[in-house]
Amino acid sequence: MNLLRIWKLAEHKTLFVFQVLMNIGLAFITIAVSDFTRKAVDQGIGGGQISTTILKFVLLTLIGTVLSYGSVICQGRFSVLLIERLRNMTTAKLVNAEYGFYEKETTGSISNRMLRDMTCVADYMSGGMPEFLTNIIIFACCFMYLLKVNLAMTLVSAICIPMAVILAKKVASPTYDTIEKFETKIDEVIEIAQDTIHNVRVEKVYGLQDLRKDYFDKNIDEATAYYVKYEKLVAKAGGYKYIIKAMPMLICIFIGFYNSYRGNITSGELIAFVLLLQNVSKPLSELTRYVTEFKEAMVSVDRMMQIVDVKEEAFGEEEEKEKSLVFELKDISFSYDVADEQGNKEILSHINMQISQGKAIALVGASGSGKSTLFKLLMGFHKPTKGEVCLYGRSLNDWDIEKARRQMAYVAQDTYLFEGTVAENIGYGKEGATLEEIIEAAKKAYANEFIMAMPQGYQTVISERGSNLSGGQRQRLGIARALLKDAPIFLLDEMTSALDVESEKLIQKAIEEYSKSKTVILIAHRLSTIRQADEIYVLDQGQVIEKGSHEDLIAKSGMYSKLYSNQQNQISYKEMATSEDTL
Ligand SMILES: Nc1ncnc2c1ncn2[C@@H]1O[C@H](COP(=O)(O)OP(=O)(O)OP(=O)(O)O)[C@@H](O)[C@H]1O
């Protein structure tokens, strides 16, 4: 059971135990006060007994104050420490999770779990659960005491126990389902809010504000509807509470006064009975609330545990072996774990590749042909469904994946920039990099000039996701970061897609320079940029349909040759259009 797993995860369990013990202590003070009252009424207080009784009351009140204070302190501390533990654990999981997890889960859902669900779990573990346990123990103790005071009256009052259980079951059973649907809707609402913020330019240009607002409102309304349903359940629980609480009181008043009148019970016993009956009827009347709270917390517990149970990337033991063959792809096939009517669609089929040290390899092909997916396999983000990817002669499965990735520098299609300064963003390429090294890398990536033109140069703070930079500038920072890493393998995904012609040429020069001593694998859409590549692989629907040097492939007059001449024609057409414009 997941709740038990959370309990095992919790450190400082003694705080929880102290809290429950202090609450029980408080309950015993109530019992003691009832007992005093019974004795005082039955035996009467006279003379010196008054001061002793008052002293005892004062002493019990003082002890009660200390216990109550201690209980609240323990509760708060336990909750804070549990949240800290869960946050550390889930953050570690999120950092090491298999890449596939991020392709399945939305950021909305992950954010919601890290904030709302985590707080909900900690609140329950430090509030609802100890309260429930305390009241169950108090219930048992008071019930036994009442049996001693008056057996018949206690047994008649006990009629409300099965009633409370039946009502709790009836009211609380739809809670889990309702809260789970509510939380899933909130995940979507957060996702829509994040999307709206990140795509604000597109929305404004296309006039999508009303459409997006309606979509947002629709989802908020759906989430609200689930919460209203849950609130109705809570209200029902509140309603039943008074029936369950009032019933034993009524029974006890009728039977008690009757018995008192008949002389079967003393007045003191009757007062003590009425006072203590509250301690028995309270947990019973609150049972529906306890179960509802428990079910609500269980939704959050299960959602949290889905993160805790995320498969982490395997960390093998094998050390790197220097071999001339950098990558070898042995008959690999791959499908994403998304089944449609025809089952899992094969994205890559029977790919064989041998990439030697110091070579420049280019992957080309139409959009959706599987180039980026192949990159994900090379970086170990996904494992092939069939076949094997070997790095320096060893299967990637046998590598410590962190060490394997240390051999690679990667420039993505859209460079992700973190919050922080320009220098920090480039510096992520190498641990402990000096400013001189950062500037050197930026120069090589032809980024130094535009960085120096920024208000604070290398110390300029980058806005969220680099929104204060152009696409080309972001990419050049990404390239600088990769050059700083100085890894033996360089993976470039469409590196020139966001660059102007001049920058593209300069960067190409830098990469050519760099690739003399490195192995470069690049995905290219502009075929003119890869004429110098040692080997070009042409992908079509997940298969390698042609391979060879630029000259070989042109001579073959196949797909590459067609793509190349199409692009050349487009370029000459553009050039013609530009020269006509200038005339
Ligand atoms: N996470 C994913 N889950 C399911 N299918 C995916 C996923 N990522 C990509 N695909 C599918 O895999 C196929 C290959 O995509 P991939 O991104 O590898 O192509 P590509 O050749 O890099 O395209 P482009 O040049 O447009 O970037 C596409 O049909 C795409 O829809």
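Residue numbers start at 1 and run along the sequence shown. Indexing begins at 1, ligand by ligand and atom by atom, following the structure's order.
Not a single donor-acceptor pair under 3.5 Å links the side chain of K430 to the backbone N or O of D486. Without hydrogens or angle criteria, D493 side chain to I523 main chain gives no donor-acceptor distance under 3.5 Å.
For the ligand labelled ligand 1, residue S369 lies inside the 4.0 Å heavy-atom shell. At least one heavy atom of A366 lies less than 4.0 angstrom from ligand 1.
Among K345, K371, E346, the residue whose heavy atom lies nearest to atom 25 (O) of ligand 1 is K371. The residue from G542, G365, S372, G368 that puts a heavy atom closest to atom 23 (O) of ligand 1 is G368. The residue from Y99, Y336, F381 that puts a heavy atom closest to atom 8 (N) of ligand 1 is Y336.
Every atom of ligand 1 is numbered from 1 in the order shown, and the set under 4.0 Å from a heavy atom of T373 is 14 (C), 15 (O), 16 (P), 18 (O). Atom numbering of ligand 1 starts at 1 in the shown order; those under 4.0 Å from a heavy atom of G370 are 14 (C), 18 (O), 19 (O), 20 (P), 21 (O).
Residue contacts with ligand 1 for I347 involve side-chain atoms from C-beta outward but no N, CA, C or O (heavy atoms, distance under 4.0 Å). Residue-level proximity to ligand 1 for K376 is carried by the side chain, the only part with a heavy atom below 4.0 angstrom. Here E103 has side-chain heavy atoms under 4.0 Å from ligand 1, and that is the only part of it that gets that close.
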Quiz item: Between T178 and Y227, is a side-chain hydrogen bond (donor to acceptor under 3.5 Å, both in side chains) present by the stated rule, with each step listed?
Solution: CA-CA 8 Å; T178 313; Y227 203 75; over 6 Å; no
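Between the side chains of N448 and Y458, at least one donor N or O lies within less than 3.5 Å of an accepting N or O. Between the side chains of H550 and Q532, not a single donor N or O lies within less than 3.5 Å of an accepting N or O.
For residues 180-192, the side chain to side chain donor-acceptor pair (under 3.5 Å) pairs, not counting sequence neighbours, are T107-E191, S109-D187, N112-E183, N112-D187, R116-E183, D177-K181, K185-E188, K185-N219, K185-E222, D187-R303.
The aromatic rings of F334 and H382 sit tilted, their planes meeting at an angle between 30° and 60°.
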